[in-house]
Amino acid sequence: MFWRTDRERELKEVNGGPPVGQVRVLVVGDSGVGKTSLVHLIVKGSSIARPSQTVGCSVSVKHVTYGSSGSSSNSIKGDSERDFFVELWDVSGHERYKDCRSLFYSQINGVIFVHDLSQRRTKTSLPKWAAEVAATGTFSAPLGSGGPGGLPVPYIVIGNKADVAAKEGVRGSSGNLVDAARQWVEKQGLLPSSEELPLTESFPGSGGILAAAKEARIDKEAVTKFFRLLIRRRYFSDELPTSSPWSISPTQMPVERLGQSLNDDDHFQKAPSLGGDPYKYNTLPPLPAQRNLTPPPTLYPQQPVSLSENYNLPRFALTGSSENGSARSKRMDINV
Ligand SMILES: Nc1nc2c(ncn2[C@@H]2O[C@H](COP(=O)(O)OP(=O)(O)OP(=O)(O)O)[C@@H](O)[C@H]2O)c(=O)[nH]1
């Protein structure tokens with residue numbers, strides 16, 4: 001395990017310096033569901049009054065600290081804390097870009113699917129988004145098998161515009177896609193048993209992103225946990241439990257059933273095979289699982305937006321809010 005020792009030493013050397021790595025998160029969903037608003041809120045911590053329609057794709061970068069703090073002070077990082085860039089690729093949902101948007105599906109570590117709780121069809125189209133990304137994208141640190149539509153990386157689903165849905169009396173369905181995502185991640189050993197993906201939290205009350213941002217309601221956990229999961233998978237997969245996906249045969253996992261049942265039209269396609277040069281973008285030595293990745297496009301990260309530890313992100317309405325964890329984990333049907 002020499003590589004691990006070397007990596008730890010290098011991480012220590014850069015500790016306190018600039019971010020040491022990056023994960024790329026695709027944000028997809030139908031036009032107008034609120035992807036740009038969501039990204040703005042995640043990155044800036046505030047709502048955006050009149051977001052213009054995204055042209056092709058827009059990239060924002062968030063700074064995330066990963067690791068356990070060895071210090072009691074917020075201002076001094078512990079030895080085991082490192083900074084990472086999280087790139088949020090907000091892809092336009094407009095039909096105009098349908099034929100070319102796959103250009104942006106490159107070296108993806110995770111996906112945020114967004115739908116509008118007041119427009120059911122925006123949720124039923126998520127499997128199509130998943131299949132499109134899975135079929136035409138390339139992935140960083142992919143799993144051995146696919147999730148919905150064959151998607152080989154973790155994802156979360158965010159139901160937006162809870163305020164509109166509440167006003168119009170539309171009840172979000174139970175979000176089985178979300179439950180399945182959780183189950184998929186758990187089954188594959190991506191999360192330690194002590195930690196669960198907060199996939200099914202809701203905005204408190206009936207507010208949407210805008211209301212939540214305005215009121216600065218507290219909870220950045222859902223999204224931040226997701227980002228940390230991606231960072232861990234990419235850079236610290238040796239910290240994963242022994243039942244990690246790298247050692248599980250795809251046929252043993254419920255993932256394929258999950259992908260197939262998402263949608264009858266769903267072509268259960270595997271992600272394109274990966275090959276080529278090592279991932280040069282990183283300053284960290286690659287993990288064994290990363291060594292065969294093709295390099296990403298030379299997108300240079302924008303200046304990170306630093307967030308104070310007290311930054312608050314509202315909970316997103318991801319699905320029905322009244323369910324408890326055990327009920328969620330029993331459901332396998334994808335009935336969006
Ligand atoms: N009421 C309400 N409106 C919202 C919410 N989130 C976003 N919006 C509004 O919905 C509209 C579309 O939001 P965008 O963030 O541009 O949607 P998008 O998904 O990025 O759209 P495309 O760029 O076309 O893909 C804007 O007018 C937003 O202000 C919300 O939670 N509640």
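Counting starts at 1 for both ligands and their atoms, following the listed order.
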message = Using a 3.5 Å distance criterion without hydrogens, assess whether the side chain of Asn109 forms a donor-acceptor pair with backbone atoms of Arg24.
response = yes
note = Heavy atoms of Thr122 and Asp30 approach each other most closely as CA-OD2, 3.4 Å
task = Give yes if a backbone or side-chain nitrogen or oxygen of Asp90 is under 3.5 Å from a nitrogen or oxygen of ligand 1, and no if not.
result = no
ask   = Would you say the ring centroid of Phe236 lies under 6.0 angstrom from that of Tyr66?
value = yes
query = What atoms of ligand 1 come within less than 4.0 Å of a heavy atom belonging to Thr54?
reply = 23 (O)
N or O pair under 3.5 Å between Asp163 and ligand 1 = yes
query = What part of Val33 sits under 4.0 Å from ligand 1 if we count only heavy atoms: the side chain, the backbone, both or neither?
reply = both
message = Checking the side chain of Arg228 only, and the main-chain atoms of Thr65 only, is there a donor and an acceptor separated by less than 3.5 Å?
response = yes
ask   = Does Ile48, backbone or side chain, put an N or O under 3.5 Å from an N or O of ligand 1?
value = no
request  = Give yes or no for whether the N/O distance cutoff of 3.5 Å, strictly under, is met between Gly93 and ligand 1.
outcome  = yes
ask   = Is any side-chain heavy atom of Val28 closer than 4.5 Å to a side-chain heavy atom of Phe113?
value = yes
inquiry  = Contact between Leu26 and Tyr155 at the side-chain level, heavy atoms closer than 4.5 Å - yes or no?
reply    = no
key: Side chain Lys35, main chain Val114, donor-acceptor under 3.5 Å   = no
request  = Go through ligand 1 atom by atom and flag the ones less than 4.0 Å from a non-hydrogen atom of Lys35.
outcome  = 15 (O), 17 (O), 18 (P), 19 (O), 20 (O), 21 (O), 22 (P), 25 (O)
query = Polar-atom distance check: Val164 versus ligand 1, any N or O pair below 3.5 Å?
reply = no
Part of Asn160 within contact of ligand 1 (heavy atoms, under 4.0 Å) = side chain
Per-atom contacts of ligand 1 with Ser92, taking only distances under 4.0 Å to non-hydrogen atoms = 25 (O)
